[in-house]
Enquirer: 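Take a look at this one; I'll ask things after.
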2 protein chains.
Amino acid sequence: MDLQLPDETDLLTEIAMAYYQNGATQEEISKRFAVSRIKVGRLLRKAREEGIVEITVKYHPVFSANLEQQLIDRFGIKRALIALDQPHEEEQRSLVAGLVSGYLSNALTDDTVVTVGQGRNISAVAEYMGVTAKRNCRFVCGIGGIHPRGGLTNADHICRQLVKKFGGSSETLYAPAFVNDPTIRASLMANPTITQTLDLARKADMALVGVGDMSSNSYMVDLGWFSAQEVSDARMHHGVIGDIAGYDFFDIHGNTSHNIMSDRIIGLNIEEFKQIPEVIAVASESSKSLSLLGALRTGVIDVLATSVSNAMAIINLDDLKQNKA
Amino acid sequence: MDLQLPDETDLLTEIAMAYYQNGATQEEISKRFAVSRIKVGRLLRKAREEGIVEITVKYHPVFSANLEQQLIDRFGIKRALIALDQPHEEEQRSLVAGLVSGYLSNALTDDTVVTVGQGRNISAVAEYMGVTAKRNCRFVCGIGGIHPRGGLTNADHICRQLVKKFGGSSETLYAPAFVNDPTIRASLMANPTITQTLDLARKADMALVGVGDMSSNSYMVDLGWFSAQEVSDARMHHGVIGDIAGYDFFDIHGNTSHNIMSDRIIGLNIEEFKQIPEVIAVASESSKSLSLLGALRTGVIDVLATSVSNAMAIINLDDLKQNKA
DNA sequence: CCTCTCTGTGTTCATATGTTCATTATAATG
DNA sequence: CATTATAATGAACATATGAACACAGAGAGG
């Protein structure tokens, strides 16, 4: 490999250093480096854009560490990645995604196998801008295709995006996520290509999944995954309040026994996710606190990524529930 | 635990967010939050000081990631933390220390046991300013006291500083690092207090050690650790070019068999360091590149923290050496 | 009770910085 | 080679920011 530096980078770095670390003014720097003051400004901007200078706003470190610790203590998870609250849903997602992205760039090494779920939150992780070293890991779809066309939040597309970002290879599950007839599912599940991919997904080192609430998956009704009747049944009679990866349902107690459509899904079920050593659950929307509580109680989750307010809400809800009991 | 936010923190965070992430001007913020513009400025400064806002200048991320990857590939280490070059040795140390400090604040969890070495580089890690969450880890001296008085770079003092920074407890090895007579060493090693501490150090999850070159430990001669004759012997006849933790010597090939004074040292030997799952070696001085190459080749090191130029030098030196072979 | 320091506040002003625009180098294309 | 498109540059200006100062309220000690 070539060890030559891109010439300018050196300058950028030195200038950024002088400005941000040593507190020099742009004018001083312009003299020292014999460039116009205005150019110094431009170089500094470039340094920020290229990620040479990174400005991060964290929650107060002590406090956010406390939050994390609480979640760890209560739910036996390994880490909690907690992002600042943002007024806009989009930005909130991106902020949470940034934390996950950072976490992954530490955690992923050569030969790590990651099972990838679907949805906007996972998609945001893959889309999150930011340079990182390439390595040779494998991203495997944990579920078939959901949105038939232009599915930017489908697992296969996300996998490819993740490869772009982190390096490695991706493996697509060539099947729809949902079929109407259990017998069709059975025949798909017998297909060697599909079996192979699913087997890899089951034995992955990590999984990256979203957590949904019951409103967020109304699109499932639209897509014909199941009937409005079934949804209402699940909510009313079985107390289902959320899902992992889009289709593995649970109630507020983390009970996962009411899975109404596991016989029509091509994707990992909740027991299979449990077998994966590190399941990273991502959920940024503030409407999901209750679902997250249930999700944490299933014991599936090892790393939770969410917002400050969700984290606090989860803890408060858990308190409530415990006091009742 | 109390989930109440320190009132102001919330404000600080929101303001910092608006300013640094959304690019709002201080004036805009002042209107939105109904405080004077100047106060916004002051709050922003406070946010920076408290570590809510963090501005870091990195080497060009792609390039530095490449450097790290090369070191990982060549020497089978787990991570390389590479800091920008600085003209002044002091600042260089502090920059490298900052990376290590950041790394530790991710890596240390409750009950982590860290064996701590001595020297200016390790001391710099402990002294490095920066807020971080407190946890309950244990720092154990891996070596006895070196500088008899005011030893700010002695392991025991560093341990206590680390506790201040990261929380937890520290354990001092109540013995001198060096004795003249092997029999004295033997009797010290039989002392239950000392044995206990050393045993803990041997079974640590992590170690934090410096790497020295043969010039940097001339102080050992001054302190009477060994004679000038012995040093020159080690260098000339055995090819010793550096040390880990101050007294575990190796040559350019990473050969550690010439340890001239292990029978007079109270501290972990190189084999014992090898048993520790994660040995973090810190060396910032640009004179140490050759020593670092040797150190990496011993296979003791799992995480290396050094400067860009050292990292590049190591790779180049390793190339040279390989071409010869 | 008063004074004194101390901290927090807003004002004014000098300075630092970003923006816009016209200009010039550079590259791309016929 | 001429010509256009594109990007880089610096000047002038407008704006944003930080520093020095002066003032007010809160405790502390007499």
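Any value given below was found using the heavy atoms of this structure, including those in side chains, with hydrogens, waters and symmetry copies removed. To find a chain, count down the sequence lines: A is the first, B the second, and so on, and within it residues start at 1.
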Enquirer: What I want to check is whether the side chains of B/Lys165 and B/Ser101 have a donor and an acceptor closer together than 3.5 Å.
Expert: yes
Enquirer: Rounded to the Å, how far apart are B/Leu44 CG and D/dA19 P?
Expert: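 Result: 13 Å.
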Enquirer: Would you kindly give the CD-to-C1' distance between B/Glu27 and C/dT17, to the nearest whole Å?
Expert: 15 Å
Enquirer: Between B/Ser36 and C/dG10, is there a contact of a side-chain N or O with OP1 or OP2 at under 4.0 Å?
Expert: yes
Enquirer: If the test is side chain to side chain contact (heavy atoms under 4.5 Å, CB included), which one of A/Asn22, A/Val35, A/Ile15 qualifies with A/Ile29?
Expert: A/Ile15
Enquirer: According to a strict under-4.0 Å criterion, is A/Thr25 in side-chain N/O contact with OP1 or OP2 of C/dT15?
Expert: no
Enquirer: Whole Å only: how far is the NZ atom of A/Lys31 from the P atom of C/dT15?
Expert: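 It is 12 Å, rounded to the nearest whole Å.
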Enquirer: Taking atom P of C/dA16 as reference, at what distance in whole Å does atom NZ of A/Lys39 sit?
Expert: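 Spelled out: NZ on A/Lys39 to P on C/dA16 is 22 Å.
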Enquirer: If I take atom CD1 in residue A/Ile29 and atom P in nucleotide C/dT15, what distance separates them, rounded to the nearest angstrom?
Expert: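 After rounding, the gap between these two atoms is 18 Å.
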Enquirer: What is the separation between atom CG on A/Leu43 and atom P on D/dA7, rounded to the nearest whole Å?
Expert: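 Between P of D/dA7 and CG of A/Leu43: 17 Å.
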Enquirer: Side-chain donor-acceptor pair under 3.5 Å between A/Glu91 and A/Gln86, yes or no?
Expert: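 The answer is yes; a qualifying pair exists.
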Enquirer: Tell me the interatomic distance from B/Ile38, atom CD1, to D/dA24, atom C1', rounded to whole angstroms.
Expert: 17 Å
Enquirer: Hey, does the side chain of A/Tyr19 come within less than 4.0 Å of C/dA16's phosphate (OP1/OP2), counting only N and O?
Expert: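 It does not, given that no N or O in the side chain of A/Tyr19 lies less than 4.0 Å from OP1 or OP2 of C/dA16.
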Enquirer: Give a yes/no on whether any side-chain N or O of B/Gln26 is located under 4.0 angstrom from OP1 or OP2 of D/dG18.
Expert: yes
Enquirer: Considering only side-chain heavy atoms of B/Arg42, which listed nucleotide, D/dG18, C/dA16, D/dC21, is closest?
Expert: D/dC21
Enquirer: Treating A/Asn316 as the side-chain partner and A/Met312 as the backbone partner, does any N or O pair qualify as donor plus acceptor under 3.5 Å?
Expert: yes
Enquirer: Rounded to whole angstroms, how far apart are CZ on B/Arg37 and C1' on C/dA16?
Expert: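 For the pair B/Arg37 CZ and C/dA16 C1', the rounded distance is 12 Å.
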